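Small disclaimer: the values here were computed from a predicted structure and weren't measured.
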Amino acid sequence: SCKEYYWATGDRAFLAQQLPAVQRLLHFCQQHMTDDNLFIPPSFAWHWVDWAPLNKQPYSMPINGMLLLAAQAANAMANEIPDQFGALQALSQGLVDQLNLSLLAFYDAQENCFRSHLPAGGDHPVSSINRSTPLTYDLHSNALACLTNLGSPAQRAGAVAKMLQLLDAADGVVASIDAQLFRIAWTQLILEPIFAQGHVAAGMRYLRRYFQPFLDLHAATWAEDFVPELYNTAHGWGACVNSLIVESICGIRPVAPGWKKLSLSPHMPRNLALNFRFQTPAGAIEFKADAGSHSLLAPAGVEIETGDAD
């Protein structure tokens, strides 16, 4: 996203260039909010969420959860240049406040997780969204609840428990497009909450399930889909697993633009050994892990914030 790019680079010229478009998009979404403070895409919109089977009819938790995630990101970016983007600050904060309340209606106390869909009532447009499937619970709704910090810690723990249940019930081998609970581009967003809540063994099990086929083929790149023989074998969105490894397993992520400050909160399996180095605007960062221990070498002047770790 634009926010992730800015946090990684600290490029304020890029930020100033992109935020007007972000503001226009959020304003468009605001115009299609209902009296229930929920978003329904207009009939002409091709509102991409995922190709996986999801319930995308009004009201859809994945679609509204993505809007909350976008509004949070926009607000964080607008706060970096408040003198130029005060209107975006107000717009994005208003959407965040609305959705933080309205999305709690998707919480199912009996299942202790978030539902995929709520009946909208009345006549609403149905957009030409790619496949919509009448699911009651899905991975995306519950992952987005965690990623947006929606509800209470107990509710988010229940959301992850539902995700584990759904993933454990899925086939161990992805044989076709239709057999996928999520597409490869969602790998980081789906698995991040699982690692964040300490389910490291489960997270690694799912990671191997979906990516071992590429390793078995000795592939040098990640593909467009979890079925390696389909489509092309080198695709940008397949590379999100690299970010998952760095941010959710090694627990390294920027918390200030340009990596001037980073957080370190690893969720490392004890039997995983790795050694890598990557460049940032602040300089090179090196990370090593082996036999349950880890070390981080950061450039001089970079502040390191440590958090909970496994």
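- Note that K261 lies outside the cation-pi zone of W259, set by a 6.0 Å cut-off to the ring centre and a 45° limit from the axis.
- Side-chain atoms of S141 do not come within 3.5 Å of backbone N or O of D138 as any donor-acceptor pair.
- Between atom NE2 of residue H199 and atom CE of residue M163 there is a gap of 10.0 Å, rounded to the nearest 0.5 Å.
- Here F28 pairs with H32 under the ring-ring contact (aromatic ring centres under 6.0 Å, His included) rule; sequence neighbours left out.
- You'll find the ring centres of Y210 and F182 inside the 6.0 Å limit.
- Side chains of R156 and N149: a donor-acceptor N/O pair is present below 3.5 angstrom, by distance only.
- Interatomic distance, CG of L19 versus CD of E80, reported as 10.0 Å (0.5 Å rounding).
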Q188/V241 under side chain to side chain contact (heavy atoms under 4.5 Å, CB included): CA gap, chis, key distance, verdict: CA-CA 6 Å; Q188 183 179 10; V241 68; over 6 Å; no
Given K288 and L297, is the side chain to side chain contact (heavy atoms under 4.5 Å, CB included) satisfied, shown in steps? CA-CA 9 Å; K288 297 180 181 180; L297 180 61; over 6 Å; no
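- A ring-centre distance under 6.0 Å is found for F14 and Y5.
- A search for side-chain hydrogen bond (donor to acceptor under 3.5 Å, both in side chains) contacts involving D108 returns R115, Y137, not counting sequence neighbours.
- In terms of heavy-atom proximity, A298 sits nearest to L262 at CB-CD2, 4.4 Å.
- Here I190 contributes atom CD1 and L167 contributes atom CG; the two are 7.5 Å apart, rounded to the nearest 0.5 Å.
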Output, in order, the C-alpha distance, side-chain angles, deciding distance and verdict of side chain to side chain contact (heavy atoms under 4.5 Å, CB included) for I252 and E247. CA-CA 5 Å; I252 307 167; E247 296 184 359; over 6 Å; no
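- The heavy-atom pair separating L91 from H27 by the smallest distance is CD2-N, 3.7 Å.
- Counting only distance, with no hydrogens or angles, the side chain of S293 and the backbone of D290 share a donor-acceptor pair below 3.5 Å.
- Separation of atoms OG1 (T9) and CG (L15) is listed at 8.5 Å; rounding is to 0.5 Å.
- Judged by distance alone, with hydrogens and angles left aside, the side-chain atoms of R253 form no donor-acceptor pair with the main-chain N or O of S263 at under 3.5 Å.
- The closest donor-acceptor contact from the side chain of N75 to the backbone of A71 lies at 3.5 Å or more, if one exists at all.
- Minimum interatomic distance between D168 and R209 (heavy atoms only, all atoms of both residues): CA-NH2, 4.3 Å.
- Note that the CG atom of L99 and the CG atom of L150 stand 9.0 Å from one another [nearest 0.5 Å].
- Within 6.0 Å of the CG atom in D83, the count of heavy atoms belonging to other residues, nucleotides or ligands exceeds 12.
- A donor-acceptor pair is defined here as one N or O able to donate and one able to accept, closer than 3.5 Å; such a pair exists between the side chain of E4 and the backbone of S1.
- In this structure a side-chain-to-backbone donor-acceptor pair under 3.5 Å is present from N142 to F114.
- Of all heavy-atom pairs spanning A170 and L181, the tightest one is CB-CD1, 3.7 Å.
- Within the 6.0 Å centre-distance limit, the rings of F211 and F226 are counted as a close aromatic pair.
- The backbone N or O of P58 lies less than 3.5 Å from a partner atom in the side chain of H117, making a donor-acceptor pair.
- Hydrophobic clustering (ILVMFWY, side-chain heavy atoms < 4.5 Å, transitive): F85 and L25 are in distinct clusters.
- Ion pairing of K260 with E303 is absent here, as no side-chain N (NZ or NE/NH1/NH2) approaches a carboxylate O to less than 4.0 Å.
- Formation of a donor-acceptor pair under 3.5 Å by the S60 side chain with backbone atoms of Q57 is not found in this model.
- Residue R205 qualifies as enclosed at atom CZ: its count of foreign heavy atoms under 6.0 Å is above 12.
- Using a distance-only test at 3.5 Å, with no hydrogens or angles considered, a donor-acceptor pair links the side chain of Q72 to the main chain of T148.
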Between D36 and Y59, does the side-chain hydrogen bond (donor to acceptor under 3.5 Å, both in side chains) criterion hold? Intermediate values first, please. CA-CA 10 Å; D36 298 314; Y59 292 129; 2.6 Å; yes
Could you give the side-chain donor-acceptor pairs of residues 214-223 under 3.5 Å, partners two or more places apart or in another chain?
| unit_1 | atom_1 | unit_2 | atom_2 | d |
| --- | --- | --- | --- | --- |
| D216 | OD1 | Q212 | NE2 | 2.9 |
| T221 | OG1 | T233 | O | 2.6 |
| W222 | NE1 | N242 | OD1 | 3.1 |

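- Residues V255 and F287 fall into different hydrophobic clusters, defined by Ile, Leu, Val, Met, Phe, Trp and Tyr side chains chained together at heavy-atom separations under 4.5 Å.
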Quick one, F276 with C250, criterion side chain to side chain contact (heavy atoms under 4.5 Å, CB included). Give me CA distance, side-chain angles, the key distance, then yes/no. CA-CA 10 Å; F276 69 85; C250 301; 3.5 Å; yes
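- Between the side chain of S102 and the main chain of N37, a donor-acceptor pair closer than 3.5 Å is present.
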